[in-house]
**Student:** 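I am attaching a structure below and will ask some questions about it afterwards.
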2 protein chains.
Amino acid sequence: MSRPRPTIHDVAREAGASIATVSRALNGGVVSAAARDRIEAAVARLGYRRNDVARGLVTGRSGLVGVVLPDLIGPLYAHMARGIEDVLEEHGMHAMLVTDHLEPDAERRAIELLRARQVDGLVLIGSRLQPAELRAAAGSVPVAHVQRDGPDDDAPQVRLDDAAGVRAAVEHLAAAGHRRIAHLAGTRRDGIERREAFLAAMAAAGLEPGPIVAGGFTEEGGEAAAAVVLDDPDVSAVFCASDRMAVGLLHAAQRRGIAVPDDLSVVGFDDLTWARYLCPPLTTVRQPGREMGRAAARLVLDAPFEAAVPTLRIAPTLVVRASTAAPRFPDPAAPPRTRQAPAPEEVIAADRPASS
Amino acid sequence: MSRPRPTIHDVAREAGASIATVSRALNGGVVSAAARDRIEAAVARLGYRRNDVARGLVTGRSGLVGVVLPDLIGPLYAHMARGIEDVLEEHGMHAMLVTDHLEPDAERRAIELLRARQVDGLVLIGSRLQPAELRAAAGSVPVAHVQRDGPDDDAPQVRLDDAAGVRAAVEHLAAAGHRRIAHLAGTRRDGIERREAFLAAMAAAGLEPGPIVAGGFTEEGGEAAAAVVLDDPDVSAVFCASDRMAVGLLHAAQRRGIAVPDDLSVVGFDDLTWARYLCPPLTTVRQPGREMGRAAARLVLDAPFEAAVPTLRIAPTLVVRASTAAPRFPDPAAPPRTRQAPAPEEVIAADRPASS
DNA sequence: CCCCGGACTGGAAACGTTTACACCTCGTTG
DNA sequence: CAACGAGGTGTAAACGTTTCCAGTCCGGGG
């Protein structure tokens with residue numbers, strides 16, 4: 001019943017050829033038509049399938065790109081993984097996904113594990129490793145980063161153009177007539193970059209930044225931070241560094257009887273699957289995870305040929321939904337504005353090119 | 001700079017031992033303390049890491065369990081994958097995830113691919129393959145299914161106890177005073193099973209089933225099906241076979257000015273991440289994906305030792321939120337009921353044991 | 001003093017491929 | 001007609017491990 005899998009030797013014997021010829025026939029080498037036919041027949045008869053482990057041992061390659069990512073639950077990372085798979089598939093390769101749950105130690109182990117399996121490349125999502133640690137762990141395997149969390153080195157990486165996204169969000173709020181805009185900030189690297197971009201964008205709009213309160217990227221972080229922000233009666237809009245924080249804020253506002261968007265406008269960041277289902281549907285900066293994954297996969301595959309070490313910046317998009325509107329009591333000093341009545345969903349491209 | 005990775009031979013030379021001794025030292029065989037020390041020192045000095053590909057070739061095992069799943073975007077499948085990883089990690093093994101996007105052909109290819117990599121087992125999520133096809137594709141590799149979509153054979157599998165979940169949902173609605181309950185049904189196997197369970201539960205509650213309309217498990221399916229259901233003025237509650245359908249229904253209801261839960265109660269199925277964020281927060285049957293993944297991984301690991309071929313039934317949980325309430329105009333024939341005011345979130349365990 | 005067995009070690013054979021190299025057989029060209 | 005090259009084939013050596021088997025070296029019991 002469950003005989004051992006046939007090997008190339010079995011095929012060779014069955015077809016009356018040598019294993020070298022079989023290997024060539026299977027891999028598109030030069031073989032006479034007659035031999036090729038006999039071999040294909042034998043393969044079919046025996047149900048032979050190549051053993052990629054043995055093949056990997058001799059070729060030194062595995063056809064696998066290792067992907068280390070925080071988790072699979074968040075739709076953003078899942079989309080990135082999907083993008084990576086997209087381009088690997090075009091090259092007849094596959095991804096091996098390992099999660100590190102944001103623990104640097106787990107990240108190191110994951111890289112170790114993948115290297116022991118001879119991956120041909122590594123895509124690291126949100127890596128926290130120091131450049132030296134990374135070099136030690138990855139050795140000579142080509143690496144590409146997505147939204148790297150640790151400090152840069154000369155490894156190629158793709159990042160969201162966070163600044164452009166933040167700018168689009170702030171400009172949207174400013175144009176609606178908001179003057180005092182608060183910010184719920186994240187503490188990881190992209191959170192910090194968004195915070196700086198927020199300050200810059202506010203300055204560019206000629207506005208004093210409102211209160212800025214930092215927290216985790218999570219619902220709880222948003223809810224906790226909300227307390228501070230909602231106590232300031234002059235704040236008419238809040239820009240959150242993540243959708244999850246925005247959810248926390250929305251809940252806190254609801255509990256206090258603060259109406260969104262009438263009393264308070266809220267902008268999120270990420271455009272997670274469910275941002276459109278919130279009440280009200282959330283205006284947010286869409287992070288194109290799948291594109292980012294695609295770009296990273298291309299980077300890692302091109303690594304051996306590419307001389308430059310680019311940082312690819314992917315442009316986000318502002319998705320305007322119903323959580324933003326003109327402030328109820330516009331600043332009397334400001335020119336009067338008409339209430340914006342956005343279409344159910346309106347997409348505004350951020351103002352930066354896709355790569356830089 | 002980027003020298004070739006050191007092999008066990010290099011370690012042996014460096015430590016003045018044979019490769020056999022090094023291998024034993026590394027794998028916990030009998031080795032003198034002195035040799036072990038020298039070898040460990042050499043390993044550290046050289047930065048040696050075992051090559052799992054070579055190891056896999058000789059041992060015939062890979063330490064990998066292949067997981068074939070529809071996609072990574074849906075949080076449910078991601079949770080299942082997480083559960084699988086949980087138990088594999090306890091065994092020092094890892095998962096290799098491949099997506100098939102519900103295409104049987106891609107599923108076959110995925111299995112093929114994983115087998116070529118010598119996976120030690122296979123977990124198939126929502127497999128649509130016929131038993132014969134599966135046997136052909138998987139050969140002698142142990143298989144466990146989760147929510148198998150194709151017909152059963154003697155392969156071990158874990159399923160949600162769909163019937164218990166449906167019963168809990170229907171009983172909840174009936175207890176609230178609803179008499180005419182519609183059903184938005186799915187067309188895949190679990191959709192069909194939920195549909196039958198719905199009929200059974202309605203019968204058990206002594207109620208005539210309301211309209212049943214089948215569609216995809218998606219938002220669009222829900223929205224399309226909603227049209228039919230909402231035209232029936234006697235329907236005061238709808239039980240949906242998935243949360244995504246419930247979202248579509250919620251939107252359709254909102255567009256028509258039908259208030260949920262006042263005019264219409266809605267129950268979903270799955271408890272996806274964002275079910276609690278909907279307006280109103282959705283009452284739904286929670287599918288414990290992570291548990292199901294855990295159970296499946298255990299099944300596949302135990303396969304070589306297990307004689308029985310169990311179908312594990314995992315109990316779902318009814319999560320009562322704000323999308324269900326007493327009907328506005330209760331059936332005059334029914335005894336009067338007080339309006340249920342559920343706590344913000346109330347969890348009701350379904351009435352079946354976890355396995356059968 | 002011999003023998004036995006336990007603790008430890010090394011040589012060598014696998015595992016299933018790819019591929020360098022040598023060879024053989026033609027037909028073609030000089 | 002000799003030499004050569006192209007096309008096709010097979011032998012054998014890798015790839016980096018694990019593991020079987022045959023040792024070697026001891027100490028202790030007969």
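The model shown is predicted, which means the values in this text are computed figures rather than measured ones. Just so it is clear, the values below take in all heavy atoms, side chains as well, and ignore hydrogens, waters and symmetry mates. Labels below follow one simple rule: chain letters A, B, ... track the order of the sequence lines, proteins then strands, and each chain is numbered from 1.
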**Student:** To the nearest Å, how far apart are Ile39(A) CD1 and dT17(C) P?
**Tutor:**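 The answer, rounded to whole Å, is 13 Å.
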**Student:** Determine the contact category for Asn27(B): base if any of its heavy atoms lies under 4.0 Å from a base atom, sugar-phosphate if only primed atoms, P, OP1 or OP2 are that close, otherwise nothing.
**Tutor:**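 Sugar-phosphate: the residue Asn27(B), judged by heavy atoms under 4.0 Å, touches backbone atoms but no base.
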**Student:** Rounded to the Å, how far apart are Ile8(B) CD1 and dG16(D) C1'?
**Tutor:** 8 Å
**Student:** Atom CD of residue position Glu112(A) - does it have more than 12 heavy atoms of other residues, nucleotides or ligands inside 6.0 Å?
**Tutor:** yes
**Student:** At under 4.0 Å between heavy atoms, how does the protein contact nucleotides 5-13 of chain C? Give one character per nucleotide, 5' to 3', with B, S or -.
**Tutor:** ---SBBB--
**Student:** What are the two closest heavy atoms between Pro75(A) and Thr273(A), and how far apart are they?
**Tutor:** CB-OG1, 3.4 Å
**Student:** Check the surroundings of atom CZ in Arg61(A): do more than 12 heavy atoms from other residues, nucleotides or ligands lie under 6.0 Å from it?
**Tutor:**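 No, CZ of Arg61(A) has 12 or fewer neighbouring heavy atoms, counting only those of other groups under 6.0 Å.
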**Student:** I'd like to know if Glu107(B) pairs up with Arg128(B) as an ion pair, taking the criterion as any Lys NZ or Arg NE/NH1/NH2 lying under 4.0 Å from an Asp or Glu carboxylate oxygen.
**Tutor:**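 Looking at Glu107(B) and Arg128(B), the cut-off is not met.
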**Student:** Judged by modelled atom types alone, do Arg115(B) and Asn51(A) share a side-chain donor-acceptor pair under 3.5 Å?
**Tutor:** no
**Student:** Measure NE2/His9(A) against C1'/dG10(D) and give the value in whole Å, please.
**Tutor:**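 For the pair His9(A) NE2 and dG10(D) C1', the rounded distance is 12 Å.
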**Student:** To the nearest Å, how far apart are Asp52(B) CG and dC15(D) P?
**Tutor:** 19 Å
**Student:** Find the distance Arg50(A):CZ to dC15(C):C1' and express it as a whole number of Å.
**Tutor:**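 Rounded to whole Å, this separation is 17 Å.
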**Student:** What is the distance, rounded to the nearest whole Å, between atom CZ of Arg55(A) and atom P of dC15(D)?
**Tutor:** 18 Å
**Student:** Starting at atom CG of Leu57(B), determine the distance to atom C1' of dT19(D), rounded to an integer number of angstrom.
**Tutor:** 14 Å
**Student:** Rounded to whole Å, please give me the gap between CZ in Arg61(A) and C1' in dC15(D).
**Tutor:** 13 Å
**Student:** Indicate the atoms forming the closest heavy-atom contact of Ala296(A) with Val123(A), along with that distance.
**Tutor:** CB-CG1, 4.0 Å
**Student:** Under 4.0 Å, heavy atoms only, any strand: does Ser23(B) hit a base, just the sugar-phosphate, or nothing?
**Tutor:** base
**Student:** State, to 0.1 Å, how close Pro142(A) and Ala303(A) come at their nearest heavy-atom pair, and which atoms those are.
**Tutor:**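 Heavy atoms only, the tightest pair is CB-CB, 3.6 Å.
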**Student:** Pick base, sugar-phosphate or nothing for Arg49(B), based on heavy-atom distances below 4.0 Å to the nucleic acid.
**Tutor:** sugar-phosphate
**Student:** Please report how far the helix from dC1(C)-dG30(D) to dG30(C)-dC1(D) bends, comparing the axis fitted to its first five pairs with the axis fitted to its last five, to the nearest 10 degrees.
**Tutor:** 70°
